[in-house]
Amino acid sequence: MAAAAAPGALGAWQAGRARLVAACCAPLGPRWTLPGSLMGQRLGSAIWAPGWAPAAGGLPLRRGYSSEVKTDDELRVRYLEEENRGIVVLGINRAHAKNSFSKNLVKMLSKAVDALKSDKKVRTVIVRSEVPGIFCAANLPVPTIAALDGLALGGGLELALACDIRVAASSAKMGLVETKLAIIPGGGGTQRLPRAIGMSLAKELIFSARVLDGQEAKAVGLVSHVLEQNQEGDAAYRKALDLAREFLPQGPVAMRVAKLAINQGMEVDLVTGLAIEEACYAQTIPTKDRLEGLLAFKEKRSPRYKGE
């Protein structure tokens, strides 16, 4: 009986894998998610980086910023220009509440993220604080970078954990401290921290409510880069901007699909992950960008990608 059942089970698994690949090869919609049981995994997140001089109060915009396209007491949206074109900065400004979430802020962030999702010109999003020294409290298919220049405790760190890449100033402070309040990290911390640094160490940090500085966070793998803080208090943000500039020349469709393949593949076994990769790779083959990349390579020039 067991021997007879095995081929059937294998056949069913192979059929399921084939269906997965076939489904993934269908054009991905605006949400850039895979179908079936993998549909629930959302992609990306917003990021927070304090210390950059705001446009309000008579201070001049630094080189690379456009005029504000949306201004509010709690949220400002800026599209960068010139060599930074394609990078969008969301600025949070709730100094009186140390950038904690309000219903109004959540509503505005949700609307901003929805608008950015459908904007093919957007390559990377940075969400930063305009309140110096605080990183605190979105789902996007493009790369996201968390820049930790100040405090990132509890929900602030959980938001950073949801980002693709994290960078920090050496003076930054971060930790999941909820157990001090007799609760647990309920914004994804118990799930994302173990995936980032391993189960045993994640348990130790959550059980102790320990707060790490930037160097300690780098040592345990919580952040990818750590920098000495500068006089302006925005060292991590500047590093995030440097990374975003590195992403700009790459094919937009390839970037989105690569993020999808990585995010979905990390949640399954290797064989299924390879099937997801195969399906995502197939998404890039019929694009105009792929043909432009080949032509640019042949003509020894920089490609002019359009996200198509």
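Remember, predicted model here, so these are calculated numbers, not experimental data.
A heavy-atom distance below 4.5 Å is not found between the side chains of R256 and L260. Proximity of R238 to N230: side-chain heavy atoms (C-beta onward) are separated by under 4.5 Å at one or more points. At least one side-chain heavy atom of E267 sits less than 4.5 Å from a side-chain heavy atom of R195. At least one side-chain heavy atom of I206 sits less than 4.5 Å from a side-chain heavy atom of P185. In this structure, the side chains of K117 and P141 come closer than 4.5 Å at one or more pairs of heavy atoms.
Heavy atoms only, all atoms of each residue included: A236 and A169 are closest at CB-N, 3.9 Å. Shown here for V177 and A209, the closest heavy-atom pair between the two residues is CG1-O, 3.6 Å. Residues A217 and M174 come closest through the heavy atom pair CB-SD, 3.6 Å. Nearest heavy atoms, A244 versus T124: CB-CG2, 3.9 Å. Here the closest heavy-atom approach between residue A240 and residue A147 is recorded as CB-CB, 4.0 Å. Taking all atoms of both residues into account, the shortest heavy-atom contact from G214 to A168 is CA-CB, 4.4 Å.
Note on V226 and L212: separate hydrophobic clusters, where clusters join Ile, Leu, Val, Met, Phe, Trp and Tyr whose side-chain heavy atoms are under 4.5 Å apart, directly or indirectly. Clustering ILVMFWY residues whenever any of their side-chain heavy atoms sit less than 4.5 angstrom apart, transitively, puts I126 in a cluster other than the one holding L227. Each of Y281 and V253 belongs to its own hydrophobic cluster when Ile, Leu, Val, Met, Phe, Trp and Tyr are linked at side-chain heavy-atom distances under 4.5 angstrom. If you chain together hydrophobic residues whose side chains sit under 4.5 Å apart, V142 and Y305 never meet in one group.
Ion pair D242/K239 not flagged as a salt bridge, since none of the NZ, NE, NH1 or NH2 atoms sits closer than 4.0 Å to an Asp/Glu carboxylate oxygen. The residues K306 and E308 are annotated as not salt-bridged, no charged nitrogen and carboxylate oxygen being separated by less than 4.0 angstrom.
For the pair R166 (side chain) and L148 (backbone), a donor-acceptor distance under 3.5 Å is absent. Under the 3.5 Å distance criterion, the side-chain polar atoms of T144 are left unmatched by any main-chain donor or acceptor of C163. The backbone N or O of G307 lies less than 3.5 Å from a partner atom in the side chain of D289, making a donor-acceptor pair. With hydrogens and angles disregarded, a donor-acceptor distance shorter than 3.5 Å links the side chain of D149 to the backbone of A235.
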Tell me, with the steps shown, if L243 and H225 meet side chain to side chain contact (heavy atoms under 4.5 Å, CB included). CA-CA 11 Å; L243 291 172; H225 303 274; 4.2 Å; yes
Which is it for L241 and L80 under the side chain to side chain contact (heavy atoms under 4.5 Å, CB included) test, yes or no, and what are the steps along the way? CA-CA 11 Å; L241 193 57; L80 304 196; 3.7 Å; yes
What do the steps show when you test K288 against E292 for side chain to side chain contact (heavy atoms under 4.5 Å, CB included), and what is the final call? CA-CA 6 Å; K288 294 179 181 179; E292 166 63 14; over 6 Å; no
Let me see the working for V268 and Q264 under side chain to side chain contact (heavy atoms under 4.5 Å, CB included), right down to the final yes or no. CA-CA 7 Å; V268 298; Q264 299 289 2; over 6 Å; no
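Partner L201 forms a side chain to side chain contact (heavy atoms under 4.5 Å, CB included) with one of K203, E204, M199 and no other, that one being E204. Put simply, the residue from R123, E83, R85 that forms a side chain to side chain contact (heavy atoms under 4.5 Å, CB included) with L248 is R123.
In this structure, the separation between CD on E158 and OG1 on T190 is 8.0 Å, given to the nearest 0.5 Å. The line from CG of L205 to CG of L222 is 8.0 Å long, rounded to the nearest 0.5 Å. Between the CG atom of L153 and the CD atom of E178 there is a distance of 9.0 Å, given to the nearest 0.5 Å. Rounding to the nearest 0.5 angstrom, the gap separating the CG atom in L151 from the OG atom in S171 is 9.5 Å. The structure places CG of D114 at 9.0 Å from CG of L140, a figure rounded to the nearest 0.5 Å. Rounded to the nearest 0.5 angstrom, S224 OG and D164 CG are separated by 10.5 Å.
Counting Ile, Leu, Val, Met, Phe, Trp and Tyr side chains that sit under 4.5 Å apart, directly or through other members, I262 shares a hydrophobic cluster with M266.
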